[in-house]
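What you see is a predicted model; the values in this text were computed from it and never measured. So you know, we letter chains A, B, ... as the sequences are listed, proteins then strands, and number each from 1.
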Protein chains: 2
Amino acid sequence: MARSGTTQKVTRIQREKTQAIMDAALDVFSRHGFRGSTIDMIAKTSGFSKPNILYYFDSKEAIFAELINRLLKDWLEPLIALDDHGEPVDEVCAYVRRKLDLAQAFPRESRLFANEILQGAPHILPQLAGPLRDLVDQKAQVMDRWITEGRLAPCDPVHVIFMIWASTQHYADFDVQVRAVLNTPESDDHFQQAAIHLDQMFRRMLTPA
Amino acid sequence: MARSGTTQKVTRIQREKTQAIMDAALDVFSRHGFRGSTIDMIAKTSGFSKPNILYYFDSKEAIFAELINRLLKDWLEPLIALDDHGEPVDEVCAYVRRKLDLAQAFPRESRLFANEILQGAPHILPQLAGPLRDLVDQKAQVMDRWITEGRLAPCDPVHVIFMIWASTQHYADFDVQVRAVLNTPESDDHFQQAAIHLDQMFRRMLTPA
DNA sequence: CTCTTATTTGACCAAATAGTCAAATTTTTT
DNA sequence: AAAAAATTTGACTATTTGGTCAAATAAGAG
């Protein structure tokens, strides 16, 4: 018996299988969204039978929920790491860089998140209005202080944060479009270009006159 | 008999109904993506019966295709309007403004497009690699000329365009998240804030030293 | 090795879904 | 007002889908 959330010895097989299933599910959900994905797709991708998958997870819903909850933690981390004792412009640019690296390293996670938000965030709206908002407010306050100290150019910190999210995640979420426009079906070269571009731009935006 | 694409007199009812169906379909597809949407949802949203919808469109696929093809035209227009005889920074900022207005006025279209790209652009990849790429290349050349003339700050024009797309569409596609973070469930106030913010930022990015 | 527990799956079910069709109804034409 | 054409829909089919279950198999404890 696996499944239930009660305290129970977790076998090696359980650990490995749940991980493999979640990995396959990430593949599928990130491409097709929740409603567009089927357990059969996850079964095929992972190589396990459908009943076997449902032995480890109660439902399709449960797989998705588990995925997105783990995701949210990693998602906040780069912003948490923004250090109010650091050099303002460098700190923001370092944050941009961390977000871009995350988009490059975890494009599936980024797309999963984008899909969820596009569909109205049915699973994580509370977390957005709670922990995420609190974190953004807190870091926006830090940036406001930097502005009054004349160490950061005047701006609307929250919208700057939106701009960072948008312009970094774009390279993961709109990957296909980026590749089509740049005519680079293979290779991740454009991430290097993007890193240079974004650093340059955010420096200009935020360096005090 | 409606349906077939051959030349045929189009009745008033045909015009009105196809329009109503496409409007309902936009609602549904933009929220759930292609695979996550059902003809029944479109039927319920539009108030017509399912067979009635299939009287006007050959298939679910056909409705989606029609929607996304019409969309693509409107999508390119703001960039086409970027005038190479205008004042560089003003031109780019005007483009930003047009894109943001579009995101505010047509959020469903923006989400539909985002959904399509997220899923790998199965329906419009050729258009991205064709007309879109050509247009972007052309406008990037204009911007490159402005840079050599010293009328635009040095930058990578294509990535600037990506940045414009990302940061404007963010307000439509990630609407739920924006509202959650700003704590403004109602009202479109944040679009006004965004307009000011984006104009300020892109001016700083692109005004020559 | 043997007993117990954990894992795996083929066969199945009920609901949802894309799409069909003939018959009924409405609109337009004459 | 008829006749012809266009529109509408209830009932239907075949397929897909989320999920169940009992029986079979594999792992682990003693």
Side-chain angles (χ1 to χ4, degrees), chain A residues 1-29 31-68 119 122-123, chain B residues 1-29 31-68 119 122-123:
Chain A
M1 180 258 265
R3 248 147 142 162
S4 74
T6 54
T7 326
Q8 200 80 30
K9 191 171 52 182
V10 175
T11 69
R12 170 187 57 85
I13 290 177
Q14 275 172 45
R15 229 181 307 108
E16 290 176 2
K17 281 242 164 169
T18 50
Q19 189 48 52
I21 291 168
M22 298 241 304
D23 191 68
L26 180 57
D27 249 42
V28 175
F29 282 133
R31 271 295 175 203
H32 307 286
F34 179 73
R35 290 227 35 188
S37 303
T38 70
I39 302 182
D40 281 304
M41 288 180 187
I42 299 172
K44 198 162 200 176
T45 304
S46 64
F48 307 135
S49 69
K50 181 163 67 168
N52 199 0
I53 287 174
L54 288 165
Y55 173 72
Y56 291 100
F57 292 89
D58 285 327
S59 63
K60 177 182 159 186
E61 181 77 33
I63 305 175
F64 190 86
E66 181 71 21
L67 262 181
I68 214 148
Q119 285 168 30
H123 300 84
Chain B
M1 180 257 264
R3 247 148 145 161
S4 74
T6 57
T7 327
Q8 201 79 30
K9 193 171 53 185
V10 176
T11 68
R12 170 186 56 84
I13 291 177
Q14 275 172 44
R15 229 180 307 109
E16 290 175 4
K17 279 240 165 168
T18 49
Q19 189 48 55
I21 291 168
M22 297 239 306
D23 191 68
L26 179 57
D27 249 45
V28 175
F29 282 133
R31 270 296 175 202
H32 307 286
F34 180 73
R35 290 226 36 186
S37 303
T38 71
I39 302 183
D40 280 306
M41 288 180 187
I42 300 173
K44 199 163 200 173
T45 304
S46 64
F48 307 135
S49 70
K50 179 163 65 169
N52 199 0
I53 286 175
L54 288 166
Y55 173 72
Y56 290 100
F57 292 89
D58 285 327
S59 63
K60 176 182 158 184
E61 181 77 33
I63 306 175
F64 190 87
E66 180 71 22
L67 261 181
I68 213 148
Q119 285 166 31
H123 299 84

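- The side chain of Asn52(B) contributes an N or O atom lying less than 4.0 Å from OP1 or OP2 of dT9(D).
- Each of dA11(D), dG10(C), dG18(D) was ranked by its minimum atom distance to the side chain of Pro51(A); first place goes to dG10(C).
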With side-chain contact (heavy atoms from CB on, under 4.5 Å) as the criterion, how do Phe57(B) and Thr18(B) come out once you've worked through the C-alpha distance, each side chain's angles and the decisive distance to 0.1 Å?
CA-CA 8 Å; Phe57(B) 292 89; Thr18(B) 49; 4.2 Å; yes
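- Projected onto DNA chain C by closest heavy-atom contact, Glu61(B) and Ser49(A) fall at different nucleotides, the more 5' of which corresponds to Ser49(A).
- Between the OG atom in Ser59(A) and the CD1 atom in Ile53(A) there is a gap of 12.5 Å [rounded to 0.5 Å].
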Please lay out, stage by stage, how Thr38(B) and Arg35(A) fare under the test side-chain contact (heavy atoms from CB on, under 4.5 Å).
CA-CA 10 Å; Thr38(B) 71; Arg35(A) 290 227 35 188; 4.0 Å; yes
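- Taking only side-chain nitrogens and oxygens, Tyr56(A) comes nearer than 4.0 Å to OP1 or OP2 of dT8(C).
- Rounded to whole angstrom, the span from the OH atom of Tyr55(A) across to the P atom of dG10(C) amounts to 17 Å.
- The nucleotide whose nearest atom lies closest to any side-chain atom of Leu54(B) is, among dT20(D), dT20(C), dT7(D), dT20(C).
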What pairs of nitrogen or oxygen atoms, one from the protein and one from nucleotides 22-27 of chain C, lie under 3.5 Å apart?
none

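- Note on Gln14(B): a side-chain N or O is less than 4.0 Å away from OP1 or OP2 of dT7(D).
- Helix-axis bend for the helix from dC1(C)-dG30(D) to dT30(C)-dA1(D): the local axis fitted to the five terminal pairs at one end deviates from that at the other end by 20°, rounded to 10°.
- The base of dG18(D) is paired with the side chain of Lys50(A) by a donor and an acceptor separated by under 3.5 Å.
- Taking the six-membered ring where the residue is Trp, Phe29(B) and Phe34(B) present parallel rings, their angle staying beneath 30° rather than reaching 60°.
- At a non-hydrogen distance threshold of 4.0 Å, Ser37(B), Thr38(B), Ile39(B) from residues 35-46 of chain B come into contact with DNA chain C.
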